[in-house]
Amino acid sequence: MHLMVFTLCVTLSAAAAWAGEDISKVNGSIQAEAGRPYGSLETVNGAIRIADAARAGAASTVNGSIDLGRSAQAERLETVNGAIRIARDAQVAKGVETVNGGVFVDRGGTVGGDVETVNGAIGLVGTRVGGGVRTVNGDVTIGVGSHVRGGILIERSSSWFQAMPRRRTRVVIGPDAVVEGPLVFRREVDLHVHRSARIGPVSGAEAMLYDSDTAPRN
């Protein structure tokens, strides 16, 4: 019931955002001005910046980063080659996805769906995620006070160089963080879990507990 209410609230709060103008480009960045409503924002070669308190529908690019400003809202965020940064108290009604780039969500941020990367780190601070956290080649930090309802999945790489030696993926579950779903690791990871955190069942790794403010280095 709590998950249904959580998802509904995020969806309704962003619903009014998608009545503004659509912006579509092939080459060039998109700047959504502070406090204004927008529809979908799409470009191929360029960054997308959604300023503080702006509201937008889906934002997508191929070659470029996406920045969602403080207290801004969007339906979903997607890029192929670029990082995604979500500022404090911003909301994404659905998912956040990048292929080559990291994802960072600052304190008070909300993502209604999954947070996904292929080659890039994921970092959450005081963040609520209604779906799961998924990556292939990237460290994961579920930082202090974050709450992930859908678990964590780290996939095995299917690329031709997967047999080459590489450092182990680092996964940190910080102080007072909660991961409700299963933690599934299909490649070798170092899993650090703070004693105050709560997590679901773990497969493919052994949790190493810590008490300090930050996890020990490997």
Side-chain angles (χ1 to χ4, degrees), residues 6-135 137-143 145-146 148:
F6 165 77
T7 305
L8 179 61
C9 288
V10 173
T11 303
L12 290 177
S13 65
W18 314 325
E21 65 171 320
D22 297 334
I23 300 177
S24 180
K25 297 183 177 182
V26 174
N27 296 306
S29 296
I30 294 174
Q31 175 69 55
E33 297 179 5
R36 289 187 55 188
Y38 292 84
S40 63
L41 307 175
E42 300 179 0
T43 185
V44 177
N45 298 304
I48 299 176
R49 299 180 179 87
I50 302 171
D52 294 353
R55 304 179 306 281
S60 64
T61 181
V62 177
N63 299 306
S65 61
I66 300 178
D67 291 273
L68 185 64
R70 188 163 187 169
S71 300
Q73 300 176 27
E75 180 184 9
R76 66 178 180 271
L77 306 176
E78 298 178 348
T79 183
V80 177
N81 299 306
I84 296 177
R85 293 176 289 270
I86 300 173
R88 287 190 171 213
D89 302 318
Q91 296 183 1
V92 181
K94 298 181 180 178
V96 172
E97 181 177 359
T98 179
V99 177
N100 298 306
V103 174
F104 175 74
V105 186
D106 208 344
R107 191 177 302 278
T110 299
V111 178
D114 295 333
V115 176
E116 301 181 65
T117 72
V118 177
N119 301 304
I122 296 174
L124 312 176
V125 181
T127 300
R128 293 186 300 166
V129 177
V133 169
R134 302 172 182 173
T135 186
N137 300 308
D139 293 342
V140 174
T141 301
I142 310 300
S146 295
V148 177

Just by distance, do the side chain of S146 and the backbone of G126 share a donor-acceptor pair under 3.5 Å?
-> yes

Please report the shortest heavy-atom distance between L41 and A56, naming the atom on each side.
-> CD1-CB, 3.9 Å

Gap between atom CD of Q73 and atom CD1 of I50 - 0.5 Å precision | 10.5 Å

For V96, which of I66, V103, I122 qualifies under side-chain contact (heavy atoms from CB on, under 4.5 Å)?
-> V103

Sequence neighbours excluded, which residues qualify as side chain to side chain contact (heavy atoms under 4.5 Å, CB included) partners of S71?
-> D89

Straight-line distance of Q91 CD to R128 CZ, nearest 0.5 Å = 7.5 Å

Atom of E42, atom of I30 and distance for their closest heavy-atom approach | O-CD1, 3.4 Å

Is any side-chain heavy atom of I86 closer than 4.5 Å to a side-chain heavy atom of L77?
-> yes

Stepwise side-chain hydrogen bond (donor to acceptor under 3.5 Å, both in side chains) test for T135 and T117 | CA-CA 5 Å; T135 186; T117 72; 2.7 Å; yes

Which atom of A87 lies closest to which atom of G69, heavy atoms considered = CB-C, 3.6 Å

Under 3.5 Å donor-acceptor, S40 side chain and G57 backbone | no

Atom pair OG1/CG of T98 and N81 - distance to nearest 0.5 Å = 7.0 Å

Spacing of L68 atom CG and R85 atom CZ [to the nearest 0.5 Å] | 11.5 Å

If only atom types and distance count, is the side chain of S29 paired as donor or acceptor with the main-chain N or O of A47 below 3.5 Å?
-> yes

Starting from the C-alpha separation in whole Å, work towards a yes-or-no answer on side chain to side chain contact (heavy atoms under 4.5 Å, CB included) for I142 and V140.
-> CA-CA 7 Å; I142 310 300; V140 174; 3.8 Å; yes

Rounded to the nearest 0.5 Å, how far apart are OG of S60 and CZ of R76?
-> 7.5 Å

Verify side chain to side chain contact (heavy atoms under 4.5 Å, CB included) between L124 and V133, making sure each step is shown before the conclusion.
-> CA-CA 10 Å; L124 312 176; V133 169; 4.2 Å; yes

First locate atom CD1 of I84, then atom CD of E97, and finally report the distance between them rounded to the nearest 0.5 Å.
-> 8.0 Å

For R36, salt bridge (Lys or Arg N to Asp or Glu O under 4.0 Å) partners two or more places apart | E21, E33

Where do T61 and G46 come nearest, in terms of heavy atoms and distance?
-> OG1-O, 2.8 Å

